[in-house]
Amino acid sequence: MSKLPGSAGVTLLGDKSLDFYRDPVSFYLLKLDKHGGRVFQSRLLNRPTVFICSVQATREMLCEKSHMFVKDPTDLMTSVYGETIVTTNGEEACLLRLSLSSLLTGRWLDSSRDYISSGDPQCVYSGIKRLGTEMVLGLFLNVRAEEQPELFQEITQLCTQHWHGLISAPVKVPLWSSGFSTALDARDRLMAIIKDKLENDQQGFVGCVRSLPLPHSSSASQHLLLFISALIPKALASLLTSFTLALAGNNQKETRQRARTNCGYLQAILLEVQRLWPPFIGGRRIAVQDSTLAGFHVPKGHTAVYISHGVHRDPEVFQQPDNFLPERWSGGNAGQEHLLCSFGGGPRNCIGSKLTHIVLKEVCLYLLENYHWCLDPPSQDLQYKWLPVSRPNNPPTVTFTKLDQSGSDRKDNNIGTKAEK
């Protein structure tokens, strides 16, 4: 058992939260270079924190030792979303997962295709975020933009306020944050709409969720709030924007053609996009007892944070870790997609990962079958920002060209779109 590299600092003076939230990737890269390893300690949110950029340590924390590293009951997610499958622990978390999993498979997943096929083929951040919002509100609340435009717009705005409040709070005192106060107000208004739906709508997902054996009377409404929040549309927009940029231009024409006719290769591309550009920076747990990760001692009470961007570039597992190589998933990394942690891992992995995968595959296949696209202008700054959701810091401009039935580019039908924040 080895001592953790680095220092947990002292109260307030040693806190590195501002450095981390300003640029989490630069933060961890500097620490890796300094300590020479992929596990180190520092101080985040004024708590001693273990930062993990290692596949082995992440798998230990999320899988084999998941009972030793639990969700933080004081996390801001609890304040904003209430007690949900994301924030609870122990038997209650298991019960919620068993109950809700039955609704996130089969016919509910198939129905999501209705919302994909009706969306505009604009695979850029703002357009895909709108598509994701239409899908989740239609799927989970039976609110469709074309049927109830005013209610749809109201919920969309409230979800955005709710999300922005959540991301405004980590380095502020919540009571002093106007964004956080706005988020709580938006949450209350969303909960009122959701409760009305639960009481009066017996169709679809919202009609079924209230009949589940959930632990609390408020569980159904709190989980619907989680499912319709801005989290899902932003994650989809992030991944689909990265997919669009990775396959843009004439130099990727053969890659697009191969993915169009080979579902296995398309799956490899989506895995590689997720590996290099995970939508969220990572996740955090609390050690409830003394433990070890990758041979390092982790004291009880320490926070443990895994950094997806770093884990996915662990050279012990991924050769040429910074290169876009879809072929790795049929070669040296075949069968290792479970090592990715974009959606968590182990018994507490994201319950909506299968839904997200179906949406990604459907939209990407639609684009591949119908469009050629390229950056316009060709030279753009594509440096990423990683918080709150990964995407290019400067909105990239992409031009789409409609393909004819033979698969050739049709020059008379261009769609210029911009990936907006």
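No hydrogens, no waters, no symmetry mates; every other heavy atom, side chains included, goes into these values.
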ask   = Aromatic ring centroids of Phe27 and Phe51 under 6.0 Å?
value = yes
ask   = Got a salt bridge between Arg130 and Glu134, using NZ or NE/NH1/NH2 to carboxylate O under 4.0 Å?
value = yes
request  = For the pair Arg47 and Asp72, find out whether any cationic side-chain nitrogen is under 4.0 Å from an anionic carboxylate oxygen.
outcome  = yes
To the nearest 0.5 angstrom, please state how far the [atom1] atom of [X] sits from the [atom2] atom of [Y].
| X | Y | atom1 | atom2 | value |
| --- | --- | --- | --- | --- |
| Ile228 | Lys197 | CD1 | NZ | 10.5 Å |
| Thr241 | Lys234 | OG1 | NZ | 11.0 Å |
| Gln203 | Cys208 | CD | SG | 9.0 Å |
| Leu190 | Ser229 | CG | OG | 9.0 Å |

key: Leu365: side chain to side chain contact (heavy atoms under 4.5 Å, CB included) partners, not counting sequence neighbours   = Leu266, Glu369
For the [atom1] atom on [X], are there more than 12 heavy atoms of other groups (residues, nucleotides or ligands in this structure) within a distance under 6.0 Å?
| X | atom1 | value |
| --- | --- | --- |
| Gln319 | CD | no |
| Glu147 | CD | yes |
| Glu64 | CD | yes |
| Gln202 | CD | no |

Nearest atoms (heavy-atom pairs only) where Gly132 meets Pro233 = C-CG, 3.8 Å
ask   = What pair of heavy atoms forms the shortest contact from Ser221 to Ser218, and how long is it?
value = OG-O, 2.9 Å
Test item: [X] and [Y] side chains (from C-beta on) under 4.5 Å apart, heavy atoms:
| X | Y | value |
| --- | --- | --- |
| Gln56 | Glu316 | no |
| Arg59 | His338 | yes |
| Ile155 | Leu141 | yes |
| Lys34 | Phe40 | no |
| Leu44 | Lys16 | no |
| Val311 | Ser54 | no |
| Tyr306 | Phe69 | no |
| Val143 | Ile193 | no |

State whether the side chain of [X] and the backbone N or O of [Y] hold a donor-acceptor pair below 3.5 Å, judged by distance alone.
| X | Y | value |
| --- | --- | --- |
| Asp314 | Val55 | yes |
| Gln380 | Thr397 | yes |
| Asp201 | Gly207 | no |
| Thr399 | Asp376 | no |
| Arg313 | Leu276 | yes |
| His312 | Cys341 | yes |
| Asn200 | Asp196 | yes |
| Asp23 | Ser26 | yes |
| Asp381 | Gln383 | yes |
| Asn333 | Val317 | yes |

task = Using ring-ring contact (aromatic ring centres under 6.0 Å, His included) as the criterion, list what pairs up with His302, not counting sequence neighbours.
result = none
inquiry  = Consider side-chain contact (heavy atoms from CB on, under 4.5 Å). Of Leu360, Ile269, Leu340, which one does Gln274 pass it with?
reply    = Leu340
Decide whether [X] and [Y] meet the rule of one side-chain donor and one side-chain acceptor closer than 3.5 Å.
| X | Y | answer |
| --- | --- | --- |
| Ser238 | Ser390 | yes |
| Gln252 | Thr255 | yes |
| Ser330 | Tyr265 | no |

task = Name the orientation class of the two ring planes belonging to Trp373 and Phe243 (parallel below 30°, tilted from 30 to 60°, perpendicular beyond 60°).
result = tilted
query = What class does the angle between the rings of Phe205 and Phe227 fall in, given that below 30° is parallel, 30 to 60° is tilted and above 60° is perpendicular?
reply = perpendicular
inquiry  = Quick one, Cys374 with Asn250, criterion side-chain contact (heavy atoms from CB on, under 4.5 Å). Give me CA distance, side-chain angles, the key distance, then yes/no.
reply    = CA-CA 7 Å; Cys374 60; Asn250 289 328; over 6 Å; no
ask   = Does the pair Leu4 and Val50 meet the rule for a side-chain contact (heavy atoms from CB on, under 4.5 Å), with working shown?
value = CA-CA 8 Å; Leu4 282 163; Val50 183; 3.6 Å; yes
ask   = For residues 324-333, which residue pairs qualify under salt bridge (charged side-chain N to carboxylate O under 4.0 Å, His left out), counting only residues two or more places apart or in two chains?
value = Arg258-Glu327, Glu272-Arg328
inquiry  = Checking Thr401 against Tyr371 for the side-chain contact (heavy atoms from CB on, under 4.5 Å) test, could you report, in this order, the C-alpha distance in whole Å, the side-chain angles of both residues, the deciding distance, and whether it holds?
reply    = CA-CA 5 Å; Thr401 303; Tyr371 290 91; 5.9 Å; no
